[in-house]
Amino acid sequence: MVPALSVQGVEKRFGAIVAASGLCVDVPPGQKVSLIGANGAGKTTFVNLVTGYLKPDQGQIRLEGQDITRSGPRQITRLGICRSFQIPQLCVELTALENMIAAVAAAAPTMSFWRHAERDHVERARELLARFDLQPHADRPVKVLPGGVRKLLDIAMALARHPKVLLLDEPTSGVAAEEKFATMDRVMAAVGREAATILFVEHDMDIVAGYADRVLAFYAGRIIGDGRPDEVLASADVKRYVTGEAR
Ligand code: ATP
């Protein structure tokens, strides 16, 4: 089976800092992968490399077999890798629905001059809001919405393109502790309907253990653990360099 995402021999340096070293990962379609690691371990660099915000110094990145190593972020988004951000990227003066309509319109294959295009965009935007239980917030400006709601809106907007691969940078950061599981339930149910492959950066190991099929543990730009959550979270290196549980 062709991997949804394939990263082979990827290296990235910033001067003397090795942010990615010898990264090799094949992600099968539909897998839910959590990226873990201490601050500065290389998780965001990995996300930025895969989404075209950074170019690797060496190595190849493929989406469903297609080489995207030198493609830019817009082209990669169009090809089917979409992302949400640690800090949601929203127009705070606009309402939740207006933000969603903008995402849907931007995802339309070409500038459409059909009479009903605008109505179709509004319908699709409302459908996506409903999928995340965000209808009660549809007509409120984003600037008055709580952090957890903004987070869900940002993720919902990333789904506007029916992505093949979805990267979520800390989907539960800024979400109240007691709401984290409910937020992840909502995200996984909504994204699961698209059958997308998901990679999510996460610091909360209960969320990692609860929602990932596979964990990639990063340390100093390298992957030091790759496998099922129970295996990776139990490994001595991961306890020492990631979760800080080693004595
Ligand atoms: P965090 O959990 O804090 O977001 P991270 O695991 O995402 O950390 P990265 O942001 O990928 O880590 O950073 C990996 C290393 O690369 C760090 O040492 C960081 O300082 C460095 N780095 C990342 N981006 C740049 C950049 N644009 N210029 C210089 N150094 C960078």
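Every number for a ligand or one of its atoms is a count from 1 in the order of the listing. Index from 1, following the sequence.
Residue nearest to atom 24 (N) of ligand 1, selected from F14, F218, F46: F14 (by heavy-atom distance). Of the candidates L54, N39, L35, it is N39 that places a heavy atom closest to atom 3 (O) of ligand 1. If you check each of T45, V47, T44, D169 against atom 7 (O) of ligand 1, the one with the closest non-hydrogen atom is T44.
T172 and K151 share no donor-acceptor pair across their side chains, judged by distance under 3.5 Å alone. For the residue pair D237 and S235, no side-chain donor N or O sits within less than 3.5 Å of a side-chain acceptor on the partner.
Of the charged side-chain nitrogens involved, none lies within less than 4.0 Å of a carboxylate oxygen, so that R126 and E123 do not count as a salt-bridged pair.
The side chain of I17, and not its backbone, has at least one atom closer than 4.0 Å to an atom of ligand 1 (non-hydrogen atoms only; side chain from C-beta on).
Here is the list of ligand 1 atoms found below 4.0 Å of a heavy atom in H203: 2 (O). Annotation for ligand 1: atoms under 4.0 Å from non-hydrogen atoms of A19 are 16 (O). Residue contact check: A41 has heavy atoms under 4.0 Å from atoms 5 (P), 6 (O), 12 (O) of ligand 1. Close contacts of ligand 1 with A38, meaning ligand atoms under 4.0 Å from a residue heavy atom, involve 6 (O).
Between G22 and E11 the shortest heavy-atom distance is N-OE2, 2.9 Å.
With rounding to the nearest 0.5 angstrom, the CG atom of D169 is 12.0 Å from the CZ atom of F46.
T69 contributes a side-chain N or O that, together with a main-chain N or O of I61, makes up a donor-acceptor pair within less than 3.5 Å. Judged by distance alone, the side chain of D213 and the main-chain N or O of K32 form a donor-acceptor pair under 3.5 Å.
Taking a 4.0 Å cut-off on heavy atoms, G42 registers as neighbouring ligand 1.
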